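By convention in this document, chain letters (A, B, ...) are assigned in the order of the sequence lines, proteins followed by strands, and residues within each chain are numbered from 1. From a predicted model like this one, the values you see are computed outputs, not experimental measurements.
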Number of protein chains: 2
Amino acid sequence: MNATYKDVKSDILSKITSGHWQPGSLIPNEIELAETYGCARATVNRAMRELADDGLIERRRKAGTRVRASPIRQARFDIPLVRREIEDKGAEYRYSLASRSIETAPDWLRTRLQLGQGADALHLVCMHYADGDPFQHEDRWINLEVLPQARDADFSQVGPNEWLVSTIPFSTAEISFSATLADRALAEYLACDTGAPLFTVERATWFEGDANTFVRLTYRPGHRMTTRY
Amino acid sequence: MNATYKDVKSDILSKITSGHWQPGSLIPNEIELAETYGCARATVNRAMRELADDGLIERRRKAGTRVRASPIRQARFDIPLVRREIEDKGAEYRYSLASRSIETAPDWLRTRLQLGQGADALHLVCMHYADGDPFQHEDRWINLEVLPQARDADFSQVGPNEWLVSTIPFSTAEISFSATLADRALAEYLACDTGAPLFTVERATWFEGDANTFVRLTYRPGHRMTTRY
DNA sequence: GAGTGGTCTAGACCACGTT
DNA sequence: ACGTGGTCTAGACCACTCT
C-alpha cells in the first residue's frame, strides 16, 4: 500500500530481471497494477513510462505492455569540456594554440557542414595538456559566415570549445567515434610514435539550422572512454 | 491556453536556445509558469522534469530552476546486436565460430571480473561478416561458475551475444571504447594490414552482482560509431 | 466498438535546502 | 521558517489501435 512510483518501478524491474515476467510476455494493465500496489493509476503510469524510456518494456495502446524481447541497450556518455575531463582526474590543465588561419573551406568540410562555395572558415589547431603531458589534439574549423565574431576572438588563452560554449551554448550535434593512425604531425603533437592507434572524436554542431563548427579531437595513445549502464 | 506538456517544454526550450533566458538565469517557478501557460502545475512539472533530464536546466528545491551555465552534453548510443547492426545497413549477416576452449581465467580477466582463483572460463573467438566481408571480431570470455550451461551450448550457429541475451536478458554493464593496433592475428581475421588502427569496444557485464562475461569487439578498419544529440 | 495507454486537472501533502 | 520542487490522488477525457 501507499507505494511510490519508485517502489512500483523497482518491483516491476525485479520481476523482469528475475525472469518472473519473461521477455515478450504481457504485463497487467495500469488499472490492475494500481490495485495491486494500492496506488493511483498515475503513479503506475509514471513507473511504466520510465521503464519504457529505459528500453525495458514496450507499450502500445490497446495492445498493452510487454517485456521487450531483446532489450534496447543504450549507453549514455557525458561529453565534458577537455578542461573538466582533465581537472576531474586531478591533473593540471594547460592549453596552447598551435596555429590559427583563415581559409576557404575545403571541399570535405563544405560537404560535412553544408557550406556554400568559397565560404571562409577559421582553422585552429590546439593542444590540451594534463600535468604537462599531451592529452588531446584539437583540429577545429569555425564557420565565419555564422560566427563572424570568431574572427576577432583571442584563442591564445581560452580554447575554442569554451569560447563556443559561452557564445552559442545550445546546439545540436553529430558526433562520431573512430580509430585513426598517428601521422608524423600528430605523433609530434602527442609525443607518441608515428603509426600509433589513436582514439578520435569528430563533432559537427548546428545552431538553428546553420553549421557553426567542426572539430576533430584526437586523444593520446591508450585513451579510453568508459561508461556504465 | 490549454497547453500540453509538450507545448510548455518546447516553448521553454526555445526561450533557452534563443538566448531569451540566459545560461545561469532563474526561470519562473512552476506556479507562475502554470498561470502563464494556462495549465495545471503538474503539466509544467512534467515539461520541466524532462528538460532537467535532458540536461538543459538545473532544479533545486527552494532555490528554483536555472538554465544550466554549461549544459551537460550527453550522447546516447544504442548498443545493438551485431546482427542488427549489419542487417540494418541492408547487408547480409554471417557468423562463424573460430575457436572455443575452456581455460582457467587469466589474471587480467580475474581482475576485470573479480573472479576467484582457478576459475574456469569459456573462451570463444568469433567473426561477424557483412555481405561476406569481415565486419567485427569478437573475443569473448564467459564465466562458467555463473553460467555453467554455457559449457553445453552450441555456439557454432548462434553467436554468444544472442545466446547471452536470451539467457540473461538484463544485466548491468561497463563499456569502454578505445583504439587498438591490428596485430597479425587480427589483421588476418579482419582482412586488413597489420598495424591498422581499429575501433574497439570492451564490455563487461554483471547480473545480480556476479560477472558473467567479458568481450572485446574489434571492428574492421574505418568503422565509425555515430550519434546525434 | 472497446480496451489500453497518454495526458490533463485541481488539490493536497511532503522533502529538501536556502535563508 | 518558508519557498520551491517532488510526488500522489481521484477523476476525467482523449488517442490510438486491435478485433
Cationic tip of B/R220 above B/F135 ring, under 6.0 Å, 45° of axis: no
Donor-acceptor pair under 3.5 Å, A/R60 side chain vs C/dG6 base: no
Between D/dA15 (P) and B/Y5 (OH): distance, integer Å: 15 Å
d(CZ, B/R59; P, D/dG6) in whole Å: 5 Å
Audit row: A/E202, B/R224, side chain to side chain contact (heavy atoms under 4.5 Å, CB included) steps and yes/no: CA-CA 10 Å; A/E202 291 179 4; B/R224 290 169 163 275; 3.2 Å; yes
Separation of atom CD1 in B/I27 from atom P in D/dG3, rounded to whole Å: 21 Å
Separation of D/dC2 P from B/N29 CG (nearest whole Å): 17 Å
A/E50 CD - C/dG5 C1' separation (whole Å): 16 Å
Candidate nucleotides C/dT7, D/dC16, D/dT7, ranked by approach to the side chain of B/K6 - the nearest: C/dT7
Proximity to the side chain of A/R61 - top-ranked nucleotide from D/dA15, D/dG6, C/dC8: D/dA15
Sub-6.0 Å ring centroid separation between B/F199 and A/F177: no
Residue-phosphate contact under 4.0 Å: A/N45 side-chain N/O, C/dT7 OP1/OP2: no
d(CG, A/L33; C1', C/dG6) in whole Å: 16 Å
Protein-nucleotide distance (B/D7, atom CG; C/dT7, atom P), rounded to Å: 12 Å
Short side-chain N/O contact from A/R46 to OP1 or OP2 of D/dT7, under 4.0 Å: yes
Value in whole Å for how far the C1' atom of D/dG6 lies from CE of B/M48: 13 Å
Within 45° cone of A/F214 ring axis and under 6.0 Å: A/R112 NZ or CZ: no
Position toward the 5' end of DNA chain D (nearest nucleotide), A/A40 or A/K62: A/A40
Among C/dT18, C/dT7, C/dC8, the one nearest A/R41 by side-chain distance: C/dT7
Rounded distance (nearest 0.5 Å) linking atom CG of B/L113 with atom CD of B/E174: 10.0 Å
Contact under 4.0 Å: B/T65 side-chain N or O vs D/dT4 OP1/OP2: no
First encountered from the 5' end of DNA chain D, between A/A63 and B/E30: B/E30
